[in-house]
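The residues of the chain are indexed from 1 along the displayed sequence. Atoms within a ligand are numbered from 1 in the order they appear, just like the ligands themselves.
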Amino acid sequence: MTVMTKPQETTLTGRLPKVRGRYRENARLAGVTWFRVGGPAEVVFRPADVEDLSYFLHHKPADVPVMVIGVGSNLLVRDGGVPGVVVRLGRAFADIAIEGRNIDCGAACLDLNVAATAKNMGLAGLEFLCGVPGTIGGALRMNAGAYGRETKDILIEAKALDPLGQIHVLKGGELGMSYRKSALPCDWIFVQARLRGEPGDPEVIARRMTEIQAARGGSQPVRSRTGGSTFKNPPGHKAWELIDKAGCRGLRRGAAMVSEQHCNFLINTGGATAADLEFLGEEVRSRVFQASGIRLEWEIRRIGLPSVPRDWGGAL
Ligand SMILES: Cc1cc2nc3c(=O)[nH]c(=O)nc-3n(C[C@H](O)[C@H](O)[C@H](O)COP(=O)(O)OP(=O)(O)OC[C@H]3O[C@@H](n4cnc5c(N)ncnc54)[C@H](O)[C@@H]3O)c2cc1C
């Protein structure tokens, strides 16, 4: 049998710079997001370190789109997958170092690990991070927050690469962080953060973290295939209350469902497509608008194409 392979220069990786890290073509993303849905990335790039990432950004062809993802706890990857290069930061971006009250952590660190390390070193104020199941990069981009605190409250400065691979160190105030967003252009990539803690008793901090985790377990479907809060709270309102009043609790489309436990969470009950989840989200928005006149804004980031483009052969 003759096996047909594409010549290297016609594949995207054939056009990308030689790096020390790893490229993977047609790489499955569903397995790395919380919803467990969506098509593949045309290429996933795992840089060896910051210099490798910078080299890649500086030398890649200008027409190739690049985006970065964390652990996909706030992402809906559409069924057609993501064209271009999806950057995933690995172990080289997951160091945590503490000096005095400062906590330097790579963008790939899990928020929970940063909270736990700070606790072990007797630094308080980061407890809220133990309930956010993302990375520090995602927390910076989304200004992740819970229980009255947000990432911007603990941020001293962040290191980010611009689309040409230049490294910038930005003070917290320069990032324009507000409710679940940062004003940093969406094609910049965070690689590190310097966070600030306050001296505290590790036992008291540990108790607070346990309380936070217990409260979340009781009120949110944290063991489900979900993307966290689907919509932002509109000023003066709670998204879940509006959704509930519009009669959407438990609403379904295929295997996609509005959580019964917390109706601002969408759930993949098994076998849902990204289209099912997105359609259900839009149905909720429309019903909430009819019932209250308020337009909910998606908090979950939706990326990629609705269906598979033929020319790069992404398979579902
Ligand atoms: C069960 C559950 C509970 C949740 N609870 C909360 C909560 O209490 N509070 C809260 O704020 N959020 C919550 N979330 C949402 C989510 O955990 C946060 O938004 C988190 O910060 C996303 O991080 P991530 O690494 O998963 O990012 P991803 O979901 O992978 O990406 C989210 C966005 O961040 C960008 N991004 C990721 N890494 C980088 C980087 N290095 N540089 C630049 N941009 C980057 C991506 O491009 C994308 O736009 C919850 C989610 C779930 C599933």
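Using a 4.0 Å cut-off between charged side-chain N and carboxylate O, Glu260 and Arg249 make no salt bridge. Between Arg253 and Glu283 there is no salt bridge, since no side-chain N of the basic residue sits under 4.0 Å from a carboxylate O of the acidic one. Taking a cutoff of 4.0 Å between a charged side-chain nitrogen and a carboxylate oxygen, Arg207 and Glu211 do not qualify as a salt bridge. The residues Glu297 and Arg180 are annotated as not salt-bridged, no charged nitrogen and carboxylate oxygen being separated by less than 4.0 angstrom.
Applying the 4.0 Å criterion to heavy atoms of Leu89 picks out, from ligand 1, the atoms 41 (N). Within the listing of ligand 1, atoms 3 (C) sit less than 4.0 angstrom from a heavy atom of Gln220. Which parts of ligand 1 touch Ala146 is read off a 4.0 Å heavy-atom cut-off, strictly below it: atoms 8 (O). For ligand 1, the atoms sitting less than 4.0 Å from at least one non-hydrogen atom of Met67 are 47 (O), numbered in the order shown with element in parentheses. Atoms of ligand 1 lying under 4.0 Å from any heavy atom of Ala139, numbered from 1 in the order shown and given with element: 21 (O). Less than 4.0 angstrom separates some heavy atom of Ile189 from each of these atoms of ligand 1: 42 (N). When each atom of ligand 1 is checked for a heavy atom of Gly134 under 4.0 Å away, the hits are 17 (O), 23 (O), 24 (P), 25 (O), 26 (O). Within ligand 1, the atoms closer than 4.0 Å to a non-hydrogen atom of Ala144 are 11 (O), 21 (O), numbered from 1 in the order shown.
Any N or O atom pair closer than 3.5 Å counts here, and Pro221 shares no such pair with ligand 1. On a distance-only criterion, Asp111 and ligand 1 share no N/O pair closer than 3.5 Å. Taking only nitrogen or oxygen atoms, main chain and side chain alike, Asn74 reaches within less than 3.5 Å of ligand 1. The N/O atoms of Thr135, backbone and side chain alike, include one that comes under 3.5 Å of an N/O atom in ligand 1. Considering backbone and side-chain atoms together, Phe190 places an N or O closer than 3.5 Å to an N or O of ligand 1.
The protein atom (non-hydrogen) at minimum distance from atom 20 (C) of ligand 1 is Ser73 OG, 3.7 Å. When hydrogens are left out, the protein atom nearest atom 31 (O) of ligand 1 is Leu75 CG, 3.9 Å; that is the closest non-hydrogen contact. Nearest protein neighbour of atom 18 (C) of ligand 1, counting heavy atoms only, is Val132 CG1, 3.9 Å. Of the protein's heavy atoms, Pro133 CD, 4.2 Å lies nearest to atom 14 (N) of ligand 1. Scanning the protein heavy atoms around atom 27 (O) of ligand 1, the nearest turns out to be Gly138 CA, 3.8 Å. Looking from atom 28 (P) of ligand 1 to the surrounding protein, the closest heavy atom is Gly72 N, 3.7 Å. Among all protein heavy atoms, the one lying closest to atom 45 (C) of ligand 1 is Val68 CG1, 3.5 Å. Distance from atom 35 (C) of ligand 1 to its nearest protein heavy atom, with residue and atom name: Arg141 CG, 3.4 Å.
Between atom CG of residue Leu195 and atom CD of residue Glu157 there is a gap of 10.5 Å, rounded to the nearest 0.5 Å. Atom NZ of Lys232 is separated from atom CG of Leu296 by 12.0 Å, given to the nearest 0.5 angstrom.
Ring orientation note: the planes of Phe56 and Phe45 are tilted relative to one another, at an angle of 30° to 60°.
For atom 7 (C) of ligand 1, the nearest non-hydrogen atom from the set Arg216, Arg149, Met142 belongs to Arg216. For atom 9 (N) of ligand 1, the nearest non-hydrogen atom from the set Gly145, Cys186, Ala158 comes from Gly145.
Put simply, the side chain of Ser182 never gets that close to the backbone of Arg141: no donor and acceptor are under 3.5 Å apart.
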Give every donor-acceptor pair under 3.5 Å between a side-chain atom in residues 114-136 and any protein atom, sequence neighbours left out.
residue: Thr117; atom: OG1; partner: Asn113; partner atom: O; Å: 2.7
residue: Asn120; atom: ND2; partner: Ala116; partner atom: O; Å: 3.4
residue: Glu127; atom: OE1; partner: Gly125; partner atom: N; Å: 2.7
residue: Thr135; atom: OG1; partner: Gly138; partner atom: N; Å: 3.1

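Within a 6.0 Å sphere centred on NE2 of His59, heavy atoms belonging to other residues, nucleotides or ligands number more than 12. Other residues, nucleotides and ligands place no more than 12 heavy atoms under 6.0 Å from the CZ atom of Arg91. The number of heavy atoms from other shown groups lying within 6.0 Å of CZ (Arg196) is above 12.
By the side-chain hydrogen bond (donor to acceptor under 3.5 Å, both in side chains) test, Asp104 pairs with Arg194, sequence neighbours left out.
By the 4.0 Å heavy-atom criterion, Trp188 is counted among the residues contacting ligand 1.
Side-chain contact check for Trp188 and Gln166: no donor-acceptor pair (N or O, by modelled atom type) lies under 3.5 Å.
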